[in-house]
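Written below as structure tokens is the structure these notes are about.
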Amino acid sequence: MNVAVFGLGYVGAVTSACLAQRGHHLMGVDVNPLKCDMIASGRSPIIETGLDDLLLQGVQAGRIHATTSVSEAVAFADLSIVSVGTPSLPNGGLDLSYVYRVCEQIGQALRDKAGPHVLVLRSTALPGTTDACGEILRRAAGRDVHVAFNPEFLREGSSIRDFDQPAYTIIGTEDRHAEAALRELYADVPAPLHVVPTRVAEMVKYTANAFHAVKITFANEIGLLARQMGVDGRDVMSLIVQDTKLNVSPAYLRPGFAYGGSCLPKDVSALLHLARREELSVPLLASLPRSNHVQIERVADAVLATGARRVTVLGLAFKAGTDDLRESPAVELVERLIGRGCDVRILDRAVQSATLLGANREYIERRLPHVSCLLTDDPESLIHDAQAIVVTQNQKEFSRLLEGVRPDVPVFDVAGIAVPAHVRVQGVAW
Ligand SMILES: NC(=O)c1ccc[n+]([C@@H]2O[C@H](COP(=O)([O-])OP(=O)(O)OC[C@H]3O[C@@H](n4cnc5c(N)ncnc54)[C@H](O)[C@@H]3O)[C@@H](O)[C@H]2O)c1
């Protein structure tokens, strides 16, 4: 393919060299003529292992050129990749002026060129930016332009390897022509390719980077606490990552409800107590209880905002298959809703049978008398009478019961349950 790459910094230079190696013809574009001269003569404008060799090979094979002229590049290319900088503004926001300016310039240049053109945004930008680029381009070009977002996951220092062996390629677009062009561009890359809505692709990039930041900070805070107790945090973390069932896995990484139960709140609390006692600052760990509490408040606020007063809560224990009510976020949710004047009814068969058998009765009667009397074993009326429903556990019975919900009743699914098609389902953190 004939490809123009706008912005010859870390991303643009590596992208150009790696695509040329795969047989594509590249035209690099930058406002900085020095960078263009370097690329055109097969020299890397950045320090990056292997990049000089790859660029030189591309130039010698006649597959890499560079220019400061946008119209020359657009005339040459079927597909334009935008990899200009998106730096931070003084207020922390994103400066998209370079991205929008280059889109405007490409659009203007397209006025002098017939035929379809694909624009791929590779700069990191928040959801909605690619759509805005599409509008700018179409307005400037006076015709349709096919747009897509294609996040870049390379790390400086190992960027050629990262480009050649990515975990996956993500294409964010609703445009079939753009999708086909990007499939062709990456045909030789040995990795799964996911085509997703544009905004999902844009958000994935931020999520990945936020997740990396959380992991680094988490490891440092754990290391600090471990050291205080005479433990090497590196040994701890190397065991932590070997559990790919719960630790480094999809477990617990689904937006939904708050954590709870007899372990997580208690154990986080013990670590925070230790940190306070030892005067160690662990802001990430310290933020967990507050953030978790806010999630419960959000669910309650979302229910109250519907104006519903008769509310059914499906699931009271902190998860399905247990009668353990200690630190259950559903209990706190119910208490909040009652406190705000709601008439709440609850279905939780495990808690109910534990109460009947006496196993958990003492705890419930002592700690939660106001909640236990809301448990009912008449699920049909519970569904029939509800003005709003909250599902806090993933149970087949709850999916079945939702078959009987009127389509106008809002159902808040914080458990990730299978919901019948007619149900007006909403999440809170999704
Ligand atoms: N550096 C990384 O490791 C990395 C990894 C993934 C994603 N990203 C993202 O990729 C984007 C680019 O990052 P970078 O590190 O390559 O930036 P960079 O600052 O190294 O390069 C940006 C280049 O764009 C050029 N430019 C600016 N306006 C231009 C215009 N109108 N026309 C042509 N060229 C223009 C600049 O002269 C510069 O050479 C950013 O959004 C960044 O967040 C970077």
Side-chain angles (χ1 to χ4, degrees), residues 250-262 264 292 295-338 342-357 359-360 364 368 370-430:
Y252 309 125
L253 279 176
R254 196 179 47 78
F257 202 21
Y259 64 76
S262 57
L264 302 193
N292 202 48
Q295 182 64 4
I296 300 170
E297 287 176 341
R298 262 188 220 117
V299 179
D301 290 348
V303 173
L304 293 166
T306 65
R309 282 297 165 259
R310 285 197 307 279
V311 181
T312 286
V313 175
L314 299 177
L316 186 62
F318 81 99
K319 64 177 177 185
T322 176
D323 61 340
D324 195 347
L325 291 171
R326 285 173 295 173
E327 301 276 359
S328 168
V331 170
E332 196 180 326
L333 172 69
V334 166
E335 286 174 333
R336 282 191 82 81
L337 292 173
I338 299 170
C342 291
D343 172 9
V344 179
R345 306 246 248 117
I346 305 162
L347 180 68
D348 190 317
R349 294 201 189 279
V351 173
Q352 210 143 22
S353 53
T355 316
L356 291 176
L357 294 172
N360 223 351
I364 294 173
L368 304 165
H370 55 303
V371 172
S372 64
C373 64
L374 307 174
L375 285 159
T376 164
D377 57 1
D378 178 8
E380 267 70 35
S381 76
L382 200 105
I383 295 295
H384 185 260
D385 297 343
Q387 293 172 327
I389 297 174
V390 185
V391 188
T392 75
Q393 294 175 1
N394 193 341
Q395 289 205 35
K396 285 210 176 77
E397 184 190 5
F398 296 163
S399 291
R400 246 191 339 269
L401 282 174
L402 291 178
E403 298 281 357
V405 173
R406 289 192 314 274
D408 61 316
V409 173
V411 173
F412 293 89
D413 171 25
V414 295
I417 196 171
V419 176
H422 76 279
V423 171
R424 186 151 72 90
V425 67
Q426 350 187 349
V428 174
W430 57 266

Exercise for the section: Take R424 and V411 through the test side-chain contact (heavy atoms from CB on, under 4.5 Å) and record every step on the way to the result. Expected result: CA-CA 6 Å; R424 186 151 72 90; V411 173; over 6 Å; no

Handout entry: Check: Q387 side chain, R310 main-chain N or O, donor-acceptor pair, under 3.5 Å
Key = yes

Handout entry: Short side-chain to backbone donor-acceptor contact, E327 and F318, under 3.5 Å
Key = no

Practice task
With side-chain contact (heavy atoms from CB on, under 4.5 Å) as the test, would you mind laying out the steps for T392 and L314 before giving the verdict?
Solution key: CA-CA 6 Å; T392 75; L314 299 177; over 6 Å; no

Practice task
Please report the closest heavy-atom contact between G315 and A330, naming both atoms and the distance.
Solution key: O-CB, 3.6 Å

Practice task
Could you tell me whether the side chains of E335 and H370 share a donor-acceptor contact shorter than 3.5 Å?
Solution key: yes

Problem - Check: R326 main-chain N/O paired with S262 side-chain donor or acceptor under 3.5 Å - result: no

Completion exercise
When every non-hydrogen atom of G256 is compared with those of Q295, the smallest separation belongs to O-NE2, 2.7 Å

Handout entry: Shortest non-hydrogen contact between A320 and N394, atoms and distance
Key = CB-O, 4.0 Å

Handout entry: Check: L375 and L347 side chains under 4.5 Å, non-hydrogen atoms
Key = no

Exercise for the section: Taking the side chain as every heavy atom from C-beta outward, state whether L401 and E380 have any pair of such atoms under 4.5 Å apart. Expected result: yes

Practice task
Compare every heavy atom of R254 with every heavy atom of V414, then report the nearest pair and how far apart it is.
Solution key: O-NH2, 4.4 Å

Problem - Any donor-acceptor pair under 3.5 Å from S328 side chain to L316 backbone - result: yes

Exercise for the section: Answer yes or no: is there a side-chain heavy-atom contact under 4.5 Å between R309 and L304? Expected result: yes

Fill in the blank from the handout: All heavy atoms of I296 vs all of A258, minimum pair found to be CG1-CB, 3.6 Å

Problem - Side-chain heavy atoms of V313 within contact of V344, under 4.5 Å - result: yes

Handout entry: Where S399 and A418 come nearest, the two heavy atoms and their spacing
Key = OG-O, 2.7 Å

Exercise for the section: Report yes if the side chains of F257 and V299 come closer than 4.5 Å at any heavy-atom pair, otherwise no. Expected result: yes

Problem - L374 side chain near V334 side chain, heavy-atom distance below 4.5 Å - result: yes

Handout entry: Pairwise side-chain contact, I346 with V371, heavy-atom cut-off 4.5 Å (strictly under)
Key = yes

Problem - Side-chain donor-acceptor pair present, D348, Q393, cut-off under 3.5 Å - result: yes

Practice task
Output yes when a side-chain donor or acceptor of T322 lies under 3.5 Å from a complementary backbone atom of K319, and no otherwise.
Solution key: no

Handout entry: Rounded distance [0.5 Å steps], CG in N292 versus CG in L264
Key = 8.5 Å

Handout entry: Pairwise side-chain contact, V391 with F412, heavy-atom cut-off 4.5 Å (strictly under)
Key = no

Problem - Listed once per pair and sorted, the side chain to side chain donor-acceptor pair (under 3.5 Å) pairs that draw on residues 404-420, sequence neighbours left out - result: R406-D408

Exercise for the section: Show your working on side-chain contact (heavy atoms from CB on, under 4.5 Å) between I383 and I389 and close with a plain yes or no. Expected result: CA-CA 8 Å; I383 295 295; I389 297 174; 4.0 Å; yes

Fill in the blank from the handout: Applied to residues 391-402, the salt bridge (charged side-chain N to carboxylate O under 4.0 Å, His left out) test, sequence neighbours excluded, yields R349-E397

Exercise for the section: Output all residues satisfying side chain to side chain contact (heavy atoms under 4.5 Å, CB included) with T376, sequence neighbours left out; order by chain, then residue number. Expected result: R345, D378, L382

